[in-house]
Engineer: 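One structure is given below, represented as structure tokens, and several questions about it will come after.
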Amino acid sequence: AQSVTQLGSHVSVSEGALVLLRCNYSSSVPPYLFWYVQYPNKGLQLLLKYTSAATLVKGINGFEAEFKKSETSFHLTKPSAHMSDAAEYFCAVSHSGNTPLVFGKGTRLSVIA
Amino acid sequence: GAGVSQSPSNKVTEKGKDVELRCDPISGHTALYWYRQSLGQGLEFLIYFQGNSAPDKSGLPSDRFSAERTGGSVSTLTIQRTQQEDSAVYLCASSLRADQPQHFGDGTRLSIL
């Protein structure tokens, strides 16, 4: 069975500071990994995906994530936080890309001016 | 271009009533997914369609929940005899193929009084 653990239900950073949102996964097969962002009263928007190509994945809005098999991690980072980055972030896993997504509980990111 | 469209955006109904939630996927997307998002449970998979067939219904929480998809396009999620625990945001997603990233609608916020 697959699962995703997001460490920290709420992360707060200052504007311009590094953003680091943690995600660890459990999968019995090579995983497909995703990060989604959700703004209030909106659906989920895909930030980036890992599908067994390059381990460092670049996404939209300056975000990137690195797949580390040895640590079963797929942490999301952004060098400099903007106020507009404040939202809920979800890490998700599927196997072979053709099964439904299993989501983590989400991390709410707050950006302080 | 048009994204995934869900209607209604909000639905308030009395306990025991039946409700229908509609999802219009992105044109040409063959895979369609329903998820439920609630405070206590996070994001949960409900059902997956490939074309008009549903190879995976494993997430439907009870036999009060059903879904269909017609013409390989529009899908309807029906909840019969609604209960208060059914209150949640119901999200629909579609993808070009099952192995492609999922695109989400803004959801239907369902409130059971």
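Order of the sequence lines fixes the chain letters, A, B, ..., with proteins taken first and strands second; residue numbering starts at 1 for each chain. What you see is a predicted model; the values in this text were computed from it and never measured.
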Engineer: Under a single-linkage definition using a 4.5 Å side-chain heavy-atom cutoff for Ile, Leu, Val, Met, Phe, Trp and Tyr, are Val93(A) and Leu76(A) assigned to the same hydrophobic cluster?
Structural biologist: yes
Engineer: How close do Asp106(B) and Gly43(A) get, heavy atom to heavy atom, and via which atoms?
Structural biologist: OD1-N, 3.1 Å
Engineer: Check Leu46(A) against Pro101(B) and note the closest heavy-atom contact, atom names and distance.
Structural biologist: CD2-CB, 3.5 Å
Engineer: What part of Lys49(A) is in contact with chain B, defined as an atom under 4.5 angstrom from a non-hydrogen atom: side chain, backbone, both or neither?
Structural biologist: side chain
Engineer: Sort Gln37(B) into side chain, backbone, both or neither according to what part of it lies under 4.5 angstrom from a heavy atom of chain A.
Structural biologist: side chain
Engineer: Does Tyr35(B) reach the main-chain N or O of Leu101(A) with its side chain, forming a donor-acceptor pair under 3.5 Å?
Structural biologist: yes
Engineer: Tell me whether Phe74(A) is reachable from Ile60(A) by hopping between hydrophobic residues (I, L, V, M, F, W, Y) whose side-chain heavy atoms are closer than 4.5 Å.
Structural biologist: yes
Engineer: Are Phe90(A) and Tyr50(A) in one and the same hydrophobic cluster, where Ile, Leu, Val, Met, Phe, Trp and Tyr link if side-chain heavy atoms are under 4.5 Å apart?
Structural biologist: no
Engineer: Give, as side chain, backbone, both or neither, the part of Leu44(A) having an atom under 4.5 angstrom from any heavy atom of chain B.
Structural biologist: both
Engineer: Between atom CG of Leu43(B) and atom CD of Glu88(A), what is the distance when rounded to the nearest 0.5 Å?
Structural biologist: 9.0 Å
Engineer: Under 4.5 Å from any heavy atom of chain B, what part of Tyr36(A) do you find: side chain, backbone, both or neither?
Structural biologist: side chain
Engineer: Do Ile47(B) and Tyr90(B) share a hydrophobic cluster (ILVMFWY, side-chain heavy atoms under 4.5 Å, transitive)?
Structural biologist: yes
Engineer: Rounded at 0.5 Å granularity, tell me how far NE2 in His103(B) sits from CD in Gln45(A).
Structural biologist: 10.5 Å
Engineer: Are Met83(A) and Val19(A) connected in the hydrophobic side-chain network, where two residues link if heavy atoms are under 4.5 Å apart?
Structural biologist: yes
Engineer: How long is the span from the CZ atom in Phe104(B) to the NZ atom in Lys42(A), to the nearest 0.5 Å?
Structural biologist: 15.5 Å
